[in-house]
Structures are given as structure tokens and as C-alpha cells.
Amino acid sequence: MNSPQHIQPEKLLSVLFHSPNATAVYTGENIKILSANDAMLKMWGKDRSVLGKEMVVAIPELSGQPFIDILKEVWNSGQTYTARDRSAFLEIDGEMQEFYFDFEYKALLDSEGKTEFILHTAVEVSERMAAWNMVEERSIAEQKLNEELLAINEEYQVTNEELIVSQENLHHLLDSLNESEKRFRTMVEQSPVAMASLKGKDFTVDMVNDGVLAIWGKDRSVIGLPLRSALPELENQPFIDILTNVYDTGSAFYGKEVKVMVSVDGTLTERFLNFVYHPTKEESSGEKSILIVANDITEMVNARLDAEEMSTRLQIAIDAGRLGSTEVNLATGIMKSTDQFKMNYGFLPEENFTYSDLFESIFPEYRESVKELVQEAIRTNGVYKADYPIKWRDGSVHWIQAHGRPRYDEKGNADRMVGMTADITDKKLFEQRKDDFLSVASHELKTPVTVIKACLQLLDRMKDRPFSDIHLKLINQSVKNVEKMSDLVDDLLNVKRLNEGQLKIEKKEFNLFEMLQESCSHITLEDEYKISLEGEPDVMVFADMHRLDQVVINFVNNAVKYAPSSKNIHIKMEKFSDAVKVSVRDFGYGIEKEVLPKLFDRFFRADHSGKEYNGLGLGLYICSEIIEKHGGTIGAESEINQGSTFWFTIPLV
């Protein structure tokens with residue numbers, strides 16, 4: 001059995017500090033900033049001193065703006081809030097400046113449906129708004145020119161003299177309009193935001209800039225082509241239908257994080273866009289156009305999806321590792337803990353659990369060392385790690401592995417400690433059993449070595465004497481102890497092969513009854529025990545005869561060892577429709593019921609009425625692995641003063 005693998009919780013504590021998006025996490029009705037990455041701090045024009053502060057204190061210029069009230073509403077309602085093209089005034093390098101953002105306040109709920117955190121993601125769209133303002137200015141200019149043209153036409157009907165003047169003014173205005181058109185084309189082509197203009201019902205590409213060509217994966221040869229010809233890959237995608245609807249209804253369309261497949265160098269490439277389709281109309285000609293303003297947010301979307309995937313995997317890892325997390329107010333001792341954190345200390349999720357409760361559960365001899373580790377982490381702004389035993393309120397003992405990191409207020413004083421814990425009781429028990437096993441193994445191996453050494457020393461002293469019964473006795477003792485050592489080493493090697501998956505099963509067809517007749521000849525030859533065999537003599541199985549013989553011999557040897565007063569041992573073979581069962585029964589003292597489920601565990605050695613027996617506690621474990629590799633089952637039944645029965649089943653041929 002391999003030692004359990006444990007996640008390094010200290011790595012989870014800093015995961016939010018490395019998101020590539022402008023990201024922040026808030027908590028509490030007063031919107032305290034738990035964390036913010038570099039992109040968000042840069043957007044705010046602030047440094048990490050804002051962490052741990054309420055937003056109204058950290059970013060005072062937001063007072064009088066709607067954002068803090070919106071965040072409070074998200075906290076209270078648990079409803080996510082999304083906004084586009086929202087204006088915000090921020091103080092950057094001491095100067096109040098206006099910016100535009102697309103952002104989302106996402107409520108993260110706990111198991112009871114209450115808001116536990118708010119995840120804030122944002123992207124600045126000031127350049128897109130600047131481009132859109134240019135479009136609006138052009139539209140206003142065109143409207144003004146059209147109004148002036150109408151006024152001139154009215155004056156044209158009054159007098160012929162005024163007509164001449166009006167014609168001159170008309171030429172002047174048309175020249176101005178042409179000049180305005182040229183300026184607009186220049187603005188589109190030089191805009192830092194992707195822009196294009198499509199004319200007519202077939203959406204002929206009229207104007208483009210480098211930004212939109214980069215998104216499309218095309219060059220300027222698309223100018224003058226219908227959009228279907230310029231981007232044939234749009235077939236079976238929704239964009240042509242959307243453009244048609246905008247053209248027919250005159251209503252703009254706003255797309256957010258829309259996926260589009262474009263052909264770049266002959267390869268279909270996935271991109272995500274924020275875009276606007278805005279209809280326009282030439283008053284003089286009545287010709288309709290659609291203006292496109294777009295922003296490629298592929299990297300942002302992929303980064304968010306990667307972050308969500310990482311978050312999902314981390315949550316899976318936390319759940320699988322039964323990791324609990326908490327935040328401790330060092331001044332009050334109040335803890336905000338997850339359900340798993342409380343359960344690690346034997347508390348129910350709905351129960352109150354404080355810092356004093358935690359230290360009260362720690363064994364007294366460990367409390368001071370844990371406190372010293374916490375203080376050292378506060379002094380160094382480091383992560384502390386500690387393993388310590390605790391006692392639950394029901395008296396049971398458990399082991400905890402804890403990690404923690406301090407958090408500081410705006411004055412640099414440690415006011416909180418965030419931490420994670422895992423219940424490592426199983427690991428500690430395994431380590432204890434491993435240590436016990438090594439102690440037993442060294443003792444068991446030392447005993448036959450000591451006997452063999454003593455026998456050889458005596459034989460060496462008697463080597464010049466005539467051969468006698470003493471020589472024979474010493475040789476027999478040496479042989480028996482060598483066999484004992486060989487059995488111990490075989491058990492160790494078999495366990496090693498099991499751990500490495502190298503315990504081979506070599507199956508062949510053989511008569512199971514005949515194997516059982518021969519398997520325990522070493523016992524019957526001594527004439528002390530009587531072994532009876534019951535079953536059908538012609539049962540054929542497809543299995544590893546050597547390994548099954550090993551299992552039966554282990555059962556019989558245990559009967560001799562642990563039930564020496566039972567001189568009769570019964571071996572029984574029963575054939576069923578799809579399996580055969582072999583059982584070995586003795587009539588000794590028996591085994592306690594609470595011990596039976598543990599008999600086939602690795603390193604388990606039962607206490608048989610205070611008597612000590614040699615062995616490593618591996619025999620029955622190896623037997624269970626052999627039967628499992630045959631696709632069978634293994635077990636034991638016993639009653640005190642009635643004896644014990646060990647059995648296994650394997651499938652028939």
C-alpha cells in the first residue's frame with residue numbers, strides 16, 4: 001500500500017494573485033478587497049496597500065459614483081451584474097481621468113445560497129468609445145449639412161438671384177461634405193479599434209482598417225467585395241443573418257464575447273469578439289450602410305476559461321483531498337471556516353467554531369510549538385506548516401496537517417490568518433504501522449539469525465569431535481531457522497512484487513482435489529495432526545496451482561500455529577455453478593468478531609489471548625491478493641470456543 005498523496009495547500013493560497021485578467025475578489029457587505037491582481041491594480045492606479053481595505057477607503061474617488069452601491073446590491077441579492085461601455089472616473093498619477101469599461105460583478109455563493117465572495121473582472125474599452133464618438137460626430141456633422149442643404153433649397157425657390165448664391169453655397173457645402181467623408185475614411189483607417197463599413201444589402205466592403213483586417217485574417221483585396229465573397233467561411237455562422245436584421249430594422253446589434261471562425265492562411269481559427277453593428281443612411285442618396293466596431297478579446301476569454309478550468313481543478317483537488325480553509329481574525333478569534341475545516345476538528349458545519357476551540361483540541365504538548373510557528377510566519381510574512389494531533393469532543397484522536405499565511409492591514413499589522421487543513425490520520429496510522437512492522441521484521445529476522453549463529457559457533461567448537469546426536473541436533477536447529485528466515489524473506493519479496501505489480505499469476509488447467517491432497521503433506525508426515533479432505537475428486541480449474549497451494553498451506557499453517565490444541569483440520573471443497581469454494585476449518589479457541597475484518601490487512605498481527613507468534617503479518621494479506629488476481633473472493637468466519645474457518649472462491653473453467 002503506497003502512502004497517500006497530499007496536495008500542497010500553500011500553492012492554492014496564492015492562485016488568485018496570478019490571473020492574467022484584470023481580476024479582484026471582494027467579501028462582506030462593506031466590499032472589502034480580498035485580492036486583486038496586477039492588471040486590476042494598474043487599472044485602478046493603486047498598489048497592493050489597498051488589499052484588505054474596504055473599497056470606499058481604498059479607492060475614495062469612487063464615492064458619488066454608482067459602483068460601490070452596485071457591489072452592495074450584488075452582495076445582498078446574490079445576482080451577477082454585467083455592464084458595457086460604463087464610464088468611471090479614477091485618480092491616476094494624481095489626476096482625475098475618465099475611462100470606459102466592460103465589467104462583471106459575479107456573486108459566488110456558498111452551500112446555503114448566500115454570497116460568500118464577489119469576483120470582479122473588467123476590460124478597459126476607452127479606445128472603442130473614442131472610435132464610437134468619432135462615428136457619432138460624423139453623423140451629427142452630416143445631419144447638420146443636410147439641414148443646411150434643405151434650407152438652401154427653400155431659398156432657391158424664392159428668387160433667381162438667391163438661386164445663384166445658393167448654388168455657390170451648395171457647391172461649397174458639397175465640397176465640405178466630401179472633405180468630411182475623406183476625414184471620416186481617414187479616422188476609420190487610422191482608428192486603433194477595428195472598424196469597417198459595409199454598403200448595401202449585399203454588404204459590400206467599403207471601408208476597412210488594419211484592425212478589422214487582422215481579425216478577419218485578410219488584406220485590402222476584400223474592398224469592393226460582398227461580405228459573403230470576402231469571408232466565405234461566414235457561411236453557416238450567424239453573422240450574415242444578424243447583419244440582414246440590422247439592415248432591415250435599422251436597430252443596432254451589440255455582440256459580447258461572440259465566437260467566430262475565420263480563415264487565416266487557409267486555416268480556420270477561433271476568435272472571440274465584442275462588436276457593434278450600427279446602421280447608417282445617406283440622406284442624399286438613401287443608401288444604407290452598416291458600421292462595424294469590433295474588439296478582439298480572444299486572449300481575455302481564453303485566459304478566463306483557463307482560470308475557470310484551473311479553479312474547477314483546484315476545487316476538485318480540494319474536495320478530493322478533504323482540505324478545509326479558514327480566515328481567522330487575530331484580534332477577536334472569530335473564524336470564517338468552510339464546512340470541511342470544521343469537520344476536520346470534529347465540528348458540524350452549522351456549529352460555531354473559534355480560534356480558541358482549535359487550540360483547545362490540540363494536544364497540550366503541541367500547542368506552544370504551533371503558536372510559535374504562527375508567530376514566525378507573522379514576523380516573516382511566510383507560510384507556516386505544522387502536523388499535530390487533536391482530540392475530538394467524542395474522545396477520538398486525529399492528526400491534522402495545517403498551513404497558514406498572515407494578512408496585514410493598511411498599517412502593516414497582521415490582523416488575519418488564512419489557512420488550510422487536511423486530516424492526515426490515515427497517513428499517520430500507516431506510518432505507525434510501517435514503523436511497527438519494521439520493528440517486528442527486525443525482531444523476527446534477528447531471532448533465527450541468533451539461533452543459527454549460536455549453532456554454528458557450537459559446531460565450530462565441536463568440529464574435531466566425533467559426530468554425535470548433539471551435532472545432529474544443532475544441524476536440525478540451523479535448518480529449521482534457515483527455513484524460517486526463508487519464509488520471512490519470501491513474504492517480504494511477495495509484498496514487494498505486489499506493490500510493483502509484478503506478482504505473476506501463471507494459469508493452467510489442473511485437478512483441484514488432487515492439489516489439495518498433496519498440499520499439506522508436510523503436516524501429515526509429522527503424525528501430530530489429522531487433515532481430512534471433503535469434495536468431488538474430478539473438479540478442474542484454470543488457475544495458478546502454485547499460488548493456490550500457497551494459500552491453502554497458509555490457512556493450514558495458521559490452524560496449526562493459532563489452534564495447537566485442535567488436532568483435527570478439515571479441508572472442504574464445494575462446487576457451484578460458476579465457482580468453486582475451498583475452506584480450512586480448525587476447532588481451536590477462535591477469533592474475536594472485531595478482529596475478523598482486519599485479518600487480511602497488510603502487517604496485521606492479531607493478539608491471540610496474549611500469546612506471541614512469529615511472522616510479519618503478511619501471509620493472509622498475500623493470500624487475499626492472490627485470490628483477487630484470480631477474480632475470486634476470500635474471507636474468514638469464527639466463533640469463540642468453536643474454532644475458525646478460512647475460505648476462498650475462484651471462478652470455474
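The residues of the chain are indexed from 1 along the displayed sequence. Here the structure is a predicted model, which is why all the values come from computation and not from measurement.
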Between [X] and [Y] (side chain of the first, backbone of the second, donor and acceptor by atom type, cut-off under 3.5 Å), is there such a pair?
X: Asn76; Y: Lys72; answer: yes
X: Asn274; Y: Glu257; answer: yes
X: Thr425; Y: Trp399; answer: yes
X: Arg48; Y: Ala36; answer: yes
X: Thr115; Y: Trp75; answer: yes
X: Trp647; Y: Thr633; answer: no
X: Arg407; Y: Val418; answer: no
X: Ser126; Y: Tyr100; answer: yes
X: Glu61; Y: Glu91; answer: yes
X: His630; Y: Asp544; answer: yes

Original post:
Taking side chain as C-beta onward, heavy atoms only, is His120 less than 4.5 Å from Val25?
Top reply: no

Subject >> Residue pair Asp387 / Ile424, side-chain heavy-atom distance below 4.5 Å >> reply: yes

Original post:
Can you check whether Phe646 and Phe555 have ring centres sitting under 6.0 Å from each other?
Top reply: yes

Original post:
So, do Phe347 and Phe353 have ring centers that fall under 6.0 Å from each other?
Top reply: yes

What's the shortest heavy-atom distance between [X] and [Y], and which atoms?
X: Thr298; Y: Glu270; result: CG2-O, 4.1 Å
X: Met300; Y: Val123; result: SD-CB, 3.6 Å
X: Gly52; Y: Arg416; result: CA-NH2, 4.0 Å
X: Ala422; Y: Leu323; result: CB-CD2, 3.4 Å
X: Ser566; Y: Gly588; result: CB-N, 3.7 Å
X: Gly590; Y: Ser644; result: CA-OG, 3.6 Å

**OP:** Would you please test Val56 and Asn30 for side-chain contact (heavy atoms from CB on, under 4.5 Å) and show each step?
**Re:** CA-CA 8 Å; Val56 69; Asn30 293 326; over 6 Å; no

Is the number of heavy atoms from other residues, nucleotides or ligands under 6.0 Å of [X] [atom1] greater than 12?
X: Lys391; atom1: NZ; result: no
X: Asp394; atom1: CG; result: yes
X: Lys256; atom1: NZ; result: yes

Subject >> Ile70 vs Tyr105, side-chain contact (heavy atoms from CB on, under 4.5 Å): CA-CA, chis, key distance, verdict >> reply: CA-CA 9 Å; Ile70 295 172; Tyr105 297 151; 3.7 Å; yes

Original post:
Can you tell me how far CD1 of Ile400 sits from CD1 of Ile390, rounded to the nearest 0.5 angstrom?
Top reply: 4.0 Å

**OP:** Check whether NZ of the Lys or CZ of the Arg Arg84 lies under 6.0 Å from the centre of the six-membered ring of Phe103 and within 45 degrees of that ring's axis.
**Re:** no

**OP:** Kindly confirm or rule out a cation-pi arrangement of Lys32 over Tyr26, judged by NZ or CZ under 6.0 Å from the six-membered ring centre and within 45° of its axis?
**Re:** no

Subject >> Candidate pair Asp601 and Tyr621, rule side-chain contact (heavy atoms from CB on, under 4.5 Å), full reasoning >> reply: CA-CA 6 Å; Asp601 291 349; Tyr621 166 72; over 6 Å; no

With a 4.0 Å cut-off on N to O distance, would you call [X] and [Y] a salt bridge?
X: Lys336; Y: Asp110; value: no
X: Lys629; Y: Glu625; value: no
X: Glu360; Y: Arg393; value: no
X: Glu376; Y: Lys371; value: no

Original post:
If we ignore angles and hydrogens, is there a donor and acceptor under 3.5 Å between the side chains of Thr338 and Gln340?
Top reply: no

Original post:
Cut-off 3.5 Å, side chains only: do Asn302 and Asp306 have a donor facing an acceptor?
Top reply: no

**OP:** Determine the interplanar angle of the Phe341 and Tyr345 rings, folded into 0 to 90°, and report it as parallel if under 30°, tilted if 30 to 60°, perpendicular if over 60°.
**Re:** tilted

**OP:** Please test Lys106 against Ile118 for side-chain contact (heavy atoms from CB on, under 4.5 Å), starting from the C-alpha separation and ending with a verdict.
**Re:** CA-CA 5 Å; Lys106 185 175 184 63; Ile118 297 177; over 6 Å; no

